[in-house]
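Down below is the structure, laid out as structure tokens.
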Amino acid sequence: MYIWFTVLAGLAILSLSFLRTLFPYFGEDCVYMLRSITLGIRLAKYTKVKPFYSVLDCFLDAVKRHPKKIFLHFEGREYTYEEVDKQSNKVARALQAEARLKEGDVVALFLANEPCFVWIWLGLTKLGCPAALLNFNIRSKSLLHCFSCCGAKVIIASEELQCAVEEVLPTLREQGTSVYLLSEACNIEGINSLSDKISPASDLPLSRDLRANVNIKSTALYIYTSGTTGLPKAAVVTHERVWAASFLQAACGVTSEDIFYINLPLYHSAGFLIGMVGGIERGMTIVLKRKFSASQFWGDCRKYNVTVMQYIGETMRYLCNTPQKDDERNHKVKMAIGNGVRSDIWSEFLNRFGDIKVRELYAATEGNIGFINYTSKIGAVGRVNFVHRFFFPYTLIKFDIEKEEPVRNSEGLCIEAATGETGLMLGKVTQRSPFVGYAGNLQQTEKKRLRDVMKKGDLYFNTGDLLRFDEMNFVYFLDRVGDTFRWKGENVATSEVADILSMSNSVLEANVYGVKVEGHEGRIGMAAVTLKEGEDFDCSHTFKQVVNYLPAYARPRFIRIQPCLEMTGTFKMKKVKLVEEGFNPAHIEDSLYFLDPEQKSYVPLTQDIYTAISRREIKL
Ligand SMILES: *[C@@H]1O[C@H](CO)[C@@H](O)[C@H](O)[C@H]1NC(C)=O
Ligand SMILES: *[C@@H]1O[C@H](CO)[C@@H](O)[C@H](O)[C@H]1NC(C)=O
């Protein structure tokens, strides 16, 4: 096998200079295809061996290979591979004794971005327990929903999240949940301290038998994604998918010598799977941040010799917004992996901070299709190549933006979008690219499935994303179909927000969408609402409702009062026109309101407020 690759690679290099003139991206295509094939073969090998080779086994091998190598840098402390391994043994033993965990029990992690996130997860994996990664911004109803929909019986929370846990404690106790707090002591009935149980526990390795029944198709994690309707959904992530996502760094050419900077939350797949697990796969050193800080960014990179950074669109923008400094090209960062950067910010970033290779990805946690921008083409999220398409078949179909549904021909089949035309991205569901779906939510799972696409009876995963291919085979991301929008790097489910709004006193119905604001990535939340008969908009009650139930990034900052909400032919609320109209009071006759955190209420959106937002005098 490997001889063949060497030969192929040799040929590729020989013919490169000739082909380069004909196909300018041939070299990059080849390198990427070879890496993909090699990784595909590795995954096939891991699947075949009995018991299967897991990311945990990979970690344990790394511990054997370089016990003293630093695995994590965090707030001035360093943790070697060996230390992290021992910590995870302690965690596993403490949980075994305290919570009586056994193989297959789901444990919800409600944790901040801290090193213990990593060893608690490793400890759980040693016991064969899947972990549900809860977003630490969620509260009350959402928190309870996320906790229960994955079938968890145990929750482990950071000490700083104690209040959020107390808020839902009565319900958790009713459900018989074991609640653990990472503290030395806790005097609240129903919450058990855990740190004091972990420190004295033995750090000796645990037997493999504890996870003897786990196989590559078993659930490793639940990662939450925004629902298209209602509350967040728990995407089921199998061990196979953990491997596949962790290969992204390898596919981009990152090596074990690199130093990787994670400033994204670990509860999302980007930070956890691509960043942290990818770091384990490479056996590298990771610099972990509690949260992203633009002012500390380059200082950290210099201090820790960071060579690879992770980003979302906002990261790049915030870095570009910092004041210019003389030494800002003085760093070793040579690659950035992430998604969501716009071309203009991209160019500005490169101009200011030097020649950094950007690897823009396109993928969804639960999806079965992804792209990497492995050539450096500004604006593209990836490239179509036949190896990729063979392993992960996909299609781009014509989409009716007004009706918000696929265009179908007289036989009821979808129609492929032409080159250069915007279409809806679908990933074919196959053995190699399965769509596992969401925990405890058949209806949501079914909603993401699209049948009778290219022929009767076929099945595709609907990404809900609008993309475009150009004649050079580059792939561009355009937009997301109405049900979710993205703000501050988080996906927001419009119907979850609408549910909360309609629980407010005066609101009858709500139609939620995202609107663009000059100078910001993504879209900020806005809602068109109708009021109950004879009532005025209750500014302060709606404010309370929104602030109590929604994380800051999901709150609608603008409200538009309408006499009635327009529907499509299929009784979905029309959004496209509302999105286009935005929130400028000069152009909209309906009354508009603005969520003002200082006044703790919604206030009428005046032209002055509008101008202040445009001039960025009001922070959003
Ligand atoms: C970064 O690299 C320099 C020079 O190569 C080295 O002296 C220093 O110890 C490194 N810093 C860290 C945190 O590894
Ligand atoms: C793809 O990568 C290149 C170079 O690294 C970059 O210039 C380009 O902007 C990227 N595309 C996107 C969408 O970021």
Side-chain angles (χ1 to χ4, degrees), residues 39 42-74 78-96 101-105 107 109 114-131 133 198 201-221 237-250 254-260 262 266 272-286 288:
L39 291 170
R42 256 177 70 195
L43 188 53
K45 220 164 62 188
Y46 295 166
T47 314
K48 266 205 205 105
V49 294
K50 293 255 167 353
F52 88 103
Y53 188 74
S54 68
V55 167
L56 174 61
D57 297 316
C58 178
F59 172 75
L60 295 174
D61 282 344
V63 174
K64 257 185 246 151
R65 227 171 31 242
H66 42 61
K68 302 293 178 216
K69 179 168 178 172
I70 295 172
F71 178 30
L72 293 166
H73 284 288
F74 181 77
E78 49 203 45
Y79 304 86
T80 62
Y81 270 81
E82 188 177 43
E83 279 176 84
V84 172
D85 183 38
K86 288 193 166 156
Q87 273 301 329
S88 74
N89 291 341
K90 281 164 169 277
V91 168
R93 286 180 189 279
L95 285 171
Q96 227 181 356
L101 283 185
K102 52 182 195 324
E103 202 173 349
D105 290 344
V107 176
L109 301 183
E114 292 173 333
C116 70
F117 202 126
V118 181
W119 57 69
I120 292 179
W121 172 67
L122 286 166
L124 289 173
T125 310
K126 288 179 176 178
L127 298 175
C129 297
L133 313 184
I198 295 174
S202 151
D203 64 9
L204 290 175
L206 288 100
S207 158
R208 251 206 95 106
D209 296 341
L210 292 168
R211 49 182 189 276
N213 297 310
V214 175
N215 64 50
I216 201 155
K217 298 279 184 196
S218 307
T219 303
L221 294 164
V237 182
T238 61
H239 285 275
E240 188 176 28
R241 288 200 63 98
V242 171
W243 266 128
S246 76
F247 282 162
L248 271 164
Q249 287 196 32
V254 176
T255 73
S256 62
E257 302 303 310
D258 281 308
I259 315 277
F260 196 93
I262 301 183
L266 289 174
F272 194 88
L273 293 177
I274 299 175
M276 201 273 293
V277 181
I280 291 177
E281 190 276 330
R282 300 279 78 188
M284 69 190 336
T285 298
I286 290 170
L288 180 68

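Given the structure is predicted, the values throughout are model-derived calculations rather than measurements.
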Handout entry: Candidate pair T219 and V237, rule side chain to side chain contact (heavy atoms under 4.5 Å, CB included), full reasoning
Key = CA-CA 6 Å; T219 303; V237 182; over 6 Å; no
Handout entry: Test item: H239 and K217 side chains (from C-beta on) under 4.5 Å apart, heavy atoms
Key = no
Exercise for the section: Measure the CD1-OG1 distance between I70 and T285 for me, rounded to the nearest 0.5 Å. Expected result: 6.0 Å
Problem - Minimum-distance pair of heavy atoms, taken over all atoms of Q87 and I198 - result: OE1-CG2, 4.1 Å
Handout entry: Separation of K64 NZ from E82 CD (nearest 0.5 Å)
Key = 13.0 Å
Practice task
Evaluate the side-chain proximity of K50 to N215: yes if any heavy-atom separation is below 4.5 Å, no if none is.
Solution key: no
Handout entry: Close side-chain approach of L56 to L60, heavy-atom, < 4.5 Å
Key = yes
Exercise for the section: In sequence, state the C-alpha distance, the side-chain angles, and the governing distance for L204 and N89, and then conclude on side chain to side chain contact (heavy atoms under 4.5 Å, CB included). Expected result: CA-CA 6 Å; L204 290 175; N89 291 341; 5.9 Å; no
Exercise for the section: Evaluate the side-chain proximity of L288 to M276: yes if any heavy-atom separation is below 4.5 Å, no if none is. Expected result: no
Problem - Distance in Å, E83 CD paired with D203 CG, rounded so as to fall on 0.5 Å steps - result: 11.0 Å
Handout entry: Pair Y79-D85, side-chain hydrogen bond (donor to acceptor under 3.5 Å, both in side chains): steps then yes or no
Key = CA-CA 10 Å; Y79 304 86; D85 183 38; over 6 Å; no
Completion exercise
Value for SG (C58) from CD (E281), rounded to nearest 0.5 Å, stands at 6.0 Å
Problem - Verdict with reasoning, F71 to V63, per side chain to side chain contact (heavy atoms under 4.5 Å, CB included) - result: CA-CA 9 Å; F71 178 30; V63 174; over 6 Å; no
Problem - Test side chain to side chain contact (heavy atoms under 4.5 Å, CB included) applied to L266 and L133, step by step - result: CA-CA 8 Å; L266 289 174; L133 313 184; over 6 Å; no
Practice task
Could you tell me whether a side-chain N or O of T255 sits under 3.5 Å from a main-chain N or O of E257, the two making a donor and an acceptor?
Solution key: yes
Fill in the blank from the handout: Sequence neighbours excluded, the answer for salt bridge (charged side-chain N to carboxylate O under 4.0 Å, His left out) partners of K69 is none
Practice task
Answer yes or no: is there a side-chain heavy-atom contact under 4.5 Å between L124 and I120?
Solution key: yes
Problem - Y81 side chain vs M284 backbone, donor-acceptor pair below 3.5 Å - result: yes
Practice task
Taking all heavy atoms of D105 and all of C129, pick out the closest pair and write down the distance.
Solution key: O-CB, 3.1 Å
Fill in the blank from the handout: Rounded to the nearest 0.5 Å, the CD atom of E114 sits from the CH2 atom of W119 at a distance of 9.0 Å
Fill in the blank from the handout: Smallest heavy-atom separation, A131 atom then L109 atom, equals CB-CD1, 4.0 Å
Exercise for the section: Determine whether T47 and F52 make a side-chain contact, defined as any pair of heavy atoms from C-beta on separated by less than 4.5 Å. Expected result: no
Exercise for the section: For residues E103 and L127, determine if any side-chain heavy atom of one lies less than 4.5 Å from a side-chain heavy atom of the other. Expected result: no
Handout entry: Rounded distance [0.5 Å steps], CD1 in I262 versus CD1 in I274
Key = 10.5 Å
Problem - Over all atoms of both residues, closest heavy-atom pair of D209 and S207 - result: N-OG, 2.9 Å
Exercise for the section: Return the set of residues passing side chain to side chain donor-acceptor pair (under 3.5 Å) with R65 (not counting sequence neighbours), or none when no residue passes. Expected result: none
Practice task
Determine, using ring centers only, whether W243 and F247 are less than 6.0 Å apart.
Solution key: yes
Practice task
Indicate the ring-plane relationship of F272 and W121, choosing parallel, tilted or perpendicular according to the 30° and 60° boundaries.
Solution key: perpendicular
Completion exercise
Closest non-hydrogen contact found for A94 with A201 is N-CB, 4.3 Å
Handout entry: Stepwise side-chain hydrogen bond (donor to acceptor under 3.5 Å, both in side chains) check, S202 with K90
Key = CA-CA 6 Å; S202 151; K90 281 164 169 277; over 6 Å; no
Handout entry: Sub-4.5 Å side-chain heavy-atom contact between L206 and Q96
Key = yes
Exercise for the section: Determine the minimum heavy-atom distance between G128 and V214, stating which atoms define it. Expected result: CA-CG2, 4.0 Å
Exercise for the section: Could you tell me whether the side chain of R282 and the main chain of V254 form a donor-acceptor pair under 3.5 Å? Expected result: yes
